[in-house]
Amino acid sequence: MIRFEDVAVSYDTDAGAGRGPERLVFSGATFEVPEGELVLVVGPTGSGKSTLLRCVNGLVPHFSGGTLHGRVTVAGRDTRSHRPRDLADVVGFVVQDPVSSFVTDTVEDEIAYGMEALGVDALAMRRRVEETLDVLGLADVRARALRELSGGQQQRVAIGAVLAAGPRILVLDEPTSALDPVAAEDVLAALNRLVHDLGITVVVAEHRLERVIHHADRVVLVGDGSVSGLLDPAEAMLSSSIFPPVIGLGRALGWTPLPLSVRDARRRAHDLRQSLANASGAAVPGAGSAAGGLPTEGTASTLPTDASRVALPTDATAATAVAPAAVAATDSPRGPVVQTDRLAVRRGGVVALRGVSLSVGPGEVVALMGRNGAGKSTLLASLVGQTKPAAGTIRVGGLDPTRAKPAQVVRHAGLVPQDPSLLLYADSVAQECAAADHDFGVPHGSTAAVLERIAPGIPPEQHPRELSEGQRVSLALAVVLASAPEAVLLDEPTRGLDYAAKRRLLQLLRRLADAGHAVVVATHDVELAAEVATRVVVLAEGEVVADGPAPSVLSGSPAFAPQVAKILHPLAYLTVKDVVAALGEAS
Amino acid sequence: MRRLPHPAPLPRLLHPAAWWVWGAGLAVAASRTTNPFLLVLVVAVAGWVVLERREKGVPNAFLPFLVVGLFAIGLRVVMVALLGGGVTGRVVLFRLPEIPLPQWTSGVRLGGAVTLEGVLAAAYEGLRLAAMLACLGATNALASPRRLLRYVPATLYEVGTAVVVALTFAPQLVDDALRVRAARRLRGHSGRGLAEIGRLAVPVLVGALERSLHLAASMESRGYGRAVRRTRSSAALAGALTLLGLFGVVTGLYGVLDGTAPLLLGAPMLAAGSLCAAAALVVGARRDPRTRYRRDPWQGAEWLVSAAGLVPGVVLAVAAASGWPGVVPQQVPATLPSVPLALVAAIAVAALAAPLAPVPPALALARERAS
């Protein structure tokens with residue numbers, strides 16, 4: 001269906017004056033995707049996954065510019081002579097952010113739009129809209145406005161909108177990275193149905209490999225400017241630089257063939273569970289016991305010790321100017337940094353939070369979890385005084401953020417919003433840092449020093465919007481940390497981060513906690529919560545439904561359990577490191 | 001199964017164009033008279049039809065338009081009281097302190113005598129504008145312009161899509177601005193004040209630009225602007241006819257609505273414009289394979305509703321042109337305007353739109369549940 005023949009893509013770096021040096025995105029892509037396969041494109045951020053996907057329907061080079069060498073043919077049509085619009089009836093392309101791809105404003109109209117453009121006969125169009133609504137399970141929201149839908153529904157509408165035009169190939173760029181686990185499951189189930197029932201060929205790129213790898217028939221690895229051929233998923237995962245925890249466990253224990261799904265791994269792990277249970281003796285009788293906390297503490301003291309030991313002094317020295325309050329907090333354990341008491345918030349007539357009582361002490365890392373719209377973002381926003389509570393009280397570092405001036409609040413609580421670019425206004429990283437120094441009234445160069453410490457090597461002359469996702473989060477975090485707030489709040493920081501960027505963020509959060517900051521992270525990312533959280537708070541419908549140590553909350557929950565916990569249930573291990581450490585101790 | 005002798009029409013949405021014809025007819029009627037009784041009747045008719053046939057969940061544009069109308073009346077009366085108007089009356093209500101103005105500002109004065117006749121004339125004029133606004137508001141509430149946009153001629157398909165996109169973009173821009181403003185707090189600023197607005201503009205605009213690019217990519221990959229089977233010359237002909245027709249329709253409407261415009265600018269221009277537009281439709285549509293999803297049918301009810309709106313429009317236009325008594329009430333001296341029964345009946349015809357139009361589905365459901 002899709003044939004790549006020695007394809008290379010490059011862009012002119014010097015857009016202005018004549019022919020500058022060309023920047024090669026990737027080269028040597030040669031493969032042929034047979035009909036009905038689900039192909040997963042795997043690679044770190046910025047490796048050219050999106051570019052590769054955009055080659056399939058001709059957006060590269062017709063829409064994006066750049067030079068395409070080699071030949072891409074789709075269902076017999078060469079993308080050189082066919083523009084994306086001429087391929088609309090063979091390839092459906094779903095862009096990363098579904099909201100920005102919507103042309104109309106209601107579900108039905110959006111699904112019909114593509115067919116209108118293609119001139120599908122009115123009767124056929126009516127029938128196909130109905131079929132599409134059924135296939136994607138959207139029939140009961142058909143008349144709703146697109147803006148009112150949940151993230152998972154919006155993503156399914158975006159898929160339906162391209163699918164209705166009848167293409168045999170579907171290309172999706174990060175379809176689930178912005179979704180909570182349940183909504184993502186929804187979208188993937190729909191995709192799976194398309195592949196298995198309708199025989200649609202699907203090419204998908206996704207950061208969150210743990211969600212898709214077991215659905216994939218073939219994997220294409222992209223990285224360092226080269227593109228692999230079609231590989232068997234298990235084979236590809238052996239050499240891939242990024243991999244989900246289930247693969248990590250398999251690789252660490254040398255399992256062959258590599259299990260890709262939790263189900264496969266669980267079958268393989270029978271002996272492992274036995275030996276782990278023996279290793280920890282009677283101390284780990286089941287999930288949720290007090291001893292369940294042991295493995296996490298083990299992690300904190302085994303692997304990252306070097307990192308935190310090394311990091312801590314630097315923190316302290318740099319912090320003399322930057323974070324005196326936070327350092328003082330570690331020396332004399334005071335009361336909680338963040339405290340809410342029966343907090344209630346209304347947003348647009350809806351009760352977003354109801355009776356939330358929460359306290360976070362210095363050195364704690366709290367993961368706020370729950371589905372989209374459960375009130376996580378609202379809680380963070382009210383901690384920095386962005387929303388006014390309808391009832392209850394908030395204290396952040398002894399201050400009421402709703403009454404205090406913004407300039408005072410930022411000294412106590414810093415929030416990195418879901419879209420970090422909201423915090424960034426300047427034209428270059430250096431200017432951004434200078435502006436932040438000015439905003440917070442800290443000595444010149446403080447923000448740049450923080451940035452250098454948390455993410456060394458970001459070129460200061462670069463535009464913030466040109467940074468990679470991970471670097472942008474780091475920059476926003478540096479801006480927020482410049483005023484040395486006792487409470488550091490992050491809203492979905494791992495959205496769009498690959499595993500390597502995520503690992504760096506994890507280490508950073510741990511260092512912040514060690515330096516005495518109270519860290520609150522709202523996240524869907526169960527693996528992040530498993531790695532870094534000391535406590536997990538689950539919100540539902542604006543209420544706290546679970547609040548406890550990470551191992552007991554996470555390992556017990558079907559939706560929020562990390563893969564390792566699912567594999568080793570009922571043993572309360574959360575990460576590969578825990579397992580490896582426990583096995584190491586045993587032997 | 002026994003069939004009822006006159007089965008009620010099935011609940012459905014009336015074709016938006018029918019509502020717009022109805023609203024335009026009623027607005028023309030309102031524009032032709034300053035008789036306050038007739039104007040109040042127009043507003044009442046519009047309001048009643050909105051109450052009866054507005055689909056549930058559609059924002060009620062009637063009320064805001066009514067408020068704007070009331071504001072127009074008040075403004076007009078205040079301005080006339082302050083600056084004087086064309087009507088010089090005999091009954092002086094009170095005198096404002098007058099500021100003498102130089103000779104060359106003749107006709108305009110500041111302060112001075114406020115007469116009953118002047119105030120009444122201003123109020124009637126204001127009421128006329130308010131009634132026309134009410135008609136517009138009612139039409140908006142009954143069939144949103146967004147729905148009407150789906151019926152732009154095939155030759156204007158791309159333009160129509162652009163307008164739809166713009167309509168969706170505006171609220172998103174507002175959302176963006178609010179988010180960026182909230183984020184300003186995170187850097188210790190309140191997000192208020194002029195300097196802050198300048199700060200907000202850049203991220204909001206950059207965000208909008210990025211979204212536009214995404215949208216463009218998505219539209220491109222969904223076949224927007226795909227080559228259609230029309231030749232260059234036929235496209236040019238259809239485009240020219242459409243523009244010409246639109247120009248004719250707009251000028252004609254202006255001529256019909258403004259009683260002082262030359263006669264040639266009115267009905268003849270409107271007719272010629274409509275003809276051109278129709279020709280463009282035919283020329284364009286014959287070559288354009290694009291189709292539309294779920295068009296509302298144009299059936300008997302649509303004809304009847306359109307007619308119900310056109311009757312008062314035509315009757316009052318004729319009445320105004322031939323100077324029937326009661327259309328433009330006597331202003332000096334102020335008397336109670338008479339109520340010509342024929343004109344009342346003509347306007348009341350527009351109210352028939354409510355029983356003639358089918359009940360919208362969601363409203364029908366809600367009513368059934370309530371009973």
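Chain letters run A, B, ... following the sequence lines, proteins first and then strands; every chain starts at 1. Note that the structure is a prediction, hence the values are computed from the model and not measured.
Closest of all the heavy-atom pairs between A/Tyr425 and B/Pro203 is CD2-CG, 3.3 Å. Scanning both residues, A/Phe63 and B/Ala216, for their nearest heavy atoms gives CZ-CB, 3.7 Å. When all heavy atoms are compared, the tightest approach of B/Arg222 to A/Ala117 is O-CB, 4.0 Å. When every heavy atom of A/Leu423 is checked against every heavy atom of B/Ala183, the shortest pair comes out as CD2-O, 3.9 Å. In plain terms, the two heavy atoms of A/Val129 and B/Tyr293 that are nearest each other are CG1-OH, 3.2 Å. In terms of heavy atoms, B/Ser221 sits closest to A/Pro84 at CA-CB, 4.2 Å.
By number of non-hydrogen pairs under 4.5 angstrom with chain B, the leading residue of A/Val95, A/Leu415, A/Asn57 is A/Leu415. Put simply, of A/Ser101, A/Ala165, A/Ala381, A/Ala112, the one with the most heavy-atom pairs under 4.5 Å next to chain B is A/Ser101. Of the listed residues A/Gly414, A/Ser421, A/Gly385, the one with more heavy-atom pairs under 4.5 angstrom with chain B than any other is A/Gly385. Note: A/Val103 leads A/Val409, A/Val479, A/Val103, A/Val99 in heavy-atom pairs under 4.5 Å with chain B. Per-residue heavy-atom pair counts under 4.5 Å with chain A were compared for B/His214, B/Arg211, B/Arg187, and the maximum is reached by B/Arg187. Residue with the most contacts toward chain A among B/Leu186, B/Leu215, B/Leu213, B/Val206: B/Leu186 (heavy-atom pairs, distance under 4.5 Å). Interface remark: of the candidates B/Gly188, B/Ser212, B/Gly207, B/Gly188 forms the most heavy-atom pairs closer than 4.5 Å to chain A.
Contact annotation for A/Val384: both backbone and side-chain heavy atoms come within less than 4.5 Å of a heavy atom of chain B. Heavy atoms closer than 4.5 Å to chain A are found in the side chain of B/Asp175, but not in its backbone. In this structure, the portions of A/Glu108 lying under 4.5 Å from any heavy atom of chain B include both its backbone and its side chain. Using a 4.5 Å cut-off between heavy atoms, A/Pro420 does not touch chain B at all. Looking at A/Val94, neither its backbone nor its side chain comes within 4.5 Å of chain B, counting heavy atoms on both sides. No part of A/Ala158 comes within reach of chain B, as not one of its non-hydrogen atoms sits under 4.5 angstrom from that chain. Contacts between A/Ala436 and chain B at a heavy-atom distance below 4.5 Å involve backbone atoms as well as side-chain atoms. For chain B, the nearby part of A/Ala404 is the backbone; its heavy atoms alone come within less than 4.5 Å. Only the backbone of A/Asp121 comes within contact range of chain B, with heavy atoms under 4.5 Å apart.
Heavy-atom neighbours of B/Lys56 NZ from other residues, nucleotides or ligands within 6.0 Å: at or below the threshold of 12. Open room surrounds CH2 on B/Trp303; 12 or fewer heavy atoms of other groups in view lie less than 6.0 Å from it. The neighbour count for B/Arg367 CZ, taken as heavy atoms of other residues, nucleotides or ligands under 6.0 Å away, is above 12. Around the NE2 atom of A/His438, the shell of radius 6.0 Å holds no more than 12 heavy atoms that belong to other residues, nucleotides or ligands.
Here the straight-line distance linking atom CD of B/Glu220 with atom CG of A/Leu59 works out to 6.5 Å at 0.5 Å rounding.
A/Leu422 pairs with exactly one of B/Arg179, B/Arg181, B/Arg184 by the side chain to side chain contact (heavy atoms under 4.5 Å, CB included) rule, that one being B/Arg179.
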